[in-house]
Amino acid sequence: ADIASFHRYALRYAMSLETADPSFSIGYSYGRTPLTPSLRVYRDITARSDLYVGGDSRRWFEDGIGGTASISYNFPSILSSQAIGIDYTLLHAGKARPFGGVLDPNDPAPRLPELGFIPSAGFGYSYSDVQRQAYDISPSSGRNFGLHVTATDPVLGRNIHTASVRWSARQFITMPWAARQVLALHYAGGLSGGDPGRVGRFSLGGFPQDVPLLSLYDLALFGTIPSLGGTALRGYPQGVRSGTQYHQIQVEYRLPIFGPEWGIYTLPFYARRMYADAFADAGDAFSGHLRLSHVLVGAGAELLTEFELSYQVIVTLRIGLARGLCDGGVTQFYLHLGTPF
């Protein structure tokens with residue numbers, strides 16, 4: 001970004017260690033007018049579970065190539081911020097590799113996911129009064145909320161009727177016995193509906209097995225780029241659950257360890273601080289009704305180091321150990337570069 005944030009750029013490149021497939025996104029935003037237009041093109045390899053063979057869900061990898069054009073307006077305020085925006089996305093959903101498998105003529109016909117070009121339009125709203133002081137290890141007070149509605153209709157270019165809504169809320173609480181220790185809470189959910197066999201599905205699971213090589217800025221108005229975001233059901237494989245509805249809760253207790261405030265002359269790389277957290281995650285993605293007995297729970301601990309790049313972009317390198325406490329849970333050791341929730 002330039003010093004006045006009139007022009008902002010984003011570049012992300014990631015390579016999956018599981019599939020050896022690359023993902024990328026390139027974005028631009030113009031911020032000199034009250035209405036802020038932005039454009040992003042991307043390719044993402046995503047694990048999904050909406051392929052049904054013999055009546056059973058089968059995991060597959062979607063190769064999504066698309067672009068999003070959006071425009072937003074920020075309401076001016078001193079201690080809080082609000083924004084609304086509209087967007088249009090054109091996605092080509094394909095198979096990263098053949099579905100494979102053996103078909104039995106005695107089984108019901110397989111149900112394939114929707115592939116090809118899928119247009120959609122969306123509307124979003126966000127609010128935040130989150131505060132972070134100069135030496136805080138993370139946001140230390142306040143809350144934020146985001147809502148995004150997406151719809152696909154024949155008027156947009158394809159004979160599909162679907163709609164989905166996503167929401168998220170975060171709360172940060174400073175502990176009364178320690179000024180720099182923070183309890184961070186996050187809740188996210190989603191719901192989709194529409195034509196049978198064409199309804200969008202949500203996936204829930206652990207962090208993608210990607211190594212982000214370059215992350216300069218996140219231009220998304222309502223959330224972060226998936227592979228760099230800090231939300232996941234830690235202790236479970238990526239895409240372990242899938243459905244037309246999902247709910248997820250994350251609780252983290254964050255405490256400082258060391259603040260090196262270290263850099264090399266005026267180079268655009270600066271190590272700010274190191275901290276740790278203990279966490280618990282719970283969530284499920286499903287179709288139908290929520291059953292508490294099916295909710296997956298994981299727990300663990302992380303060591304995080306915060307860096308500042310290009311004098312203004314803050315990213316966090318985290319090393320974590322997580323354990324899934326329910327069926328399908330695994331013990332995970334992971335290295336992740338991104339931004340905690």
Side-chain angles (χ1 to χ4, degrees), residues 9-16 18-29 37-53 57-71 85-101 110-124 148-166 190 192-205 208-210 212 218-229 238-239 242-244 285:
Y9 307 89
L11 174 63
R12 173 181 66 88
Y13 184 87
M15 179 67 71
S16 170
E18 182 178 6
T19 64
D21 294 310
S23 297
F24 70 88
S25 69
I26 302 172
Y28 169 76
S29 177
S38 62
L39 179 66
R40 185 170 75 96
V41 295
Y42 61 90
R43 182 202 183 196
D44 279 323
I45 306 296
T46 308
R48 298 183 57 174
S49 304
D50 52 347
L51 168 65
Y52 290 85
V53 179
S57 174
R58 180 176 296 179
R59 191 167 181 250
W60 67 286
F61 288 91
E62 177 189 80
D63 185 357
I65 301 175
T68 298
S70 63
I71 189 167
I86 57 175
D87 59 77
Y88 177 83
T89 297
L90 183 61
L91 168 70
H92 182 272
K95 298 177 288 187
R97 57 190 52 80
F99 288 146
R111 193 171 76 195
L112 304 180
E114 194 70 36
L115 301 177
F117 286 100
I118 303 175
S120 63
F123 167 81
H148 193 262
V149 181
T150 304
T152 299
D153 189 86
V155 72
L156 297 176
R158 187 166 181 180
N159 190 27
I160 299 176
H161 298 83
T162 63
S164 66
V165 57
R166 289 175 176 263
S192 63
D195 295 340
R198 297 180 174 179
V199 178
R201 298 176 69 86
F202 304 100
S203 294
L204 195 62
Q209 295 299 307
D210 294 343
D218 177 10
L219 295 180
L221 176 62
F222 303 102
T224 56
I225 299 171
S227 69
L228 294 180
Q238 181 190 6
S242 176
T244 58

In Å, rounded to the nearest 0.5 Å, how long is the span from [atom1] of [X] to [atom2] of [Y]?
X: S29; Y: R40; atom1: OG; atom2: CZ; answer: 12.5 Å
X: Y42; Y: T68; atom1: OH; atom2: OG1; answer: 4.5 Å
X: L112; Y: W60; atom1: CG; atom2: CH2; answer: 9.5 Å
X: Y13; Y: S25; atom1: OH; atom2: OG; answer: 12.5 Å
X: D195; Y: E114; atom1: CG; atom2: CD; answer: 9.0 Å
X: S120; Y: D153; atom1: OG; atom2: CG; answer: 11.5 Å

Any non-hydrogen side-chain atom of [X] less than 4.5 Å from a side-chain atom of [Y]?
X: D21; Y: R97; result: yes
X: V41; Y: R43; result: no
X: M15; Y: P22; result: yes

Would you please name every residue forming a ring-ring contact (aromatic ring centres under 6.0 Å, His included) with H92, sequence neighbours left out?
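Residues passing ring-ring contact (aromatic ring centres under 6.0 Å, His included) with H92: F117.
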Taking ring-ring contact (aromatic ring centres under 6.0 Å, His included) as the definition, give me every residue that meets it alongside F24, ordered by chain and number, with sequence neighbours left out.
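Checked F24 against ring-ring contact (aromatic ring centres under 6.0 Å, His included); zero matches.
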Row check, F99 ring normal vs R58 NZ/CZ: under 6.0 Å, within 45°:
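Ring-cation test returns no.
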What pair of heavy atoms forms the shortest contact from [X] to [Y], and how long is it?
X: R158; Y: G116; value: NH1-C, 3.7 Å
X: K95; Y: L115; value: CG-CD1, 4.0 Å
X: P113; Y: L51; value: CD-CD1, 4.0 Å

Carefully, step by step, assess R12 and S23 under the rule side-chain contact (heavy atoms from CB on, under 4.5 Å).
CA-CA 8 Å; R12 173 181 66 88; S23 297; 3.9 Å; yes
Hey, mind stepping through D87 and H148 against side-chain contact (heavy atoms from CB on, under 4.5 Å) and telling me if it holds?
CA-CA 10 Å; D87 59 77; H148 193 262; 2.7 Å; yes
Using the test side-chain contact (heavy atoms from CB on, under 4.5 Å), find all partners of S192 that sit at least two apart in sequence or belong to another chain.
S164, V199, F202, T244
Treating T152 as the side-chain partner and P119 as the backbone partner, does any N or O pair qualify as donor plus acceptor under 3.5 Å?
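Pair found, side chain donor or acceptor close to backbone of P119.
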I'd like to know if the side chain of D63 reaches the main chain of G94, judged simply by a donor and an acceptor atom lying under 3.5 Å from each other, with no hydrogens or angles considered.
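Such a contact is absent between D63 side chain and G94 backbone.
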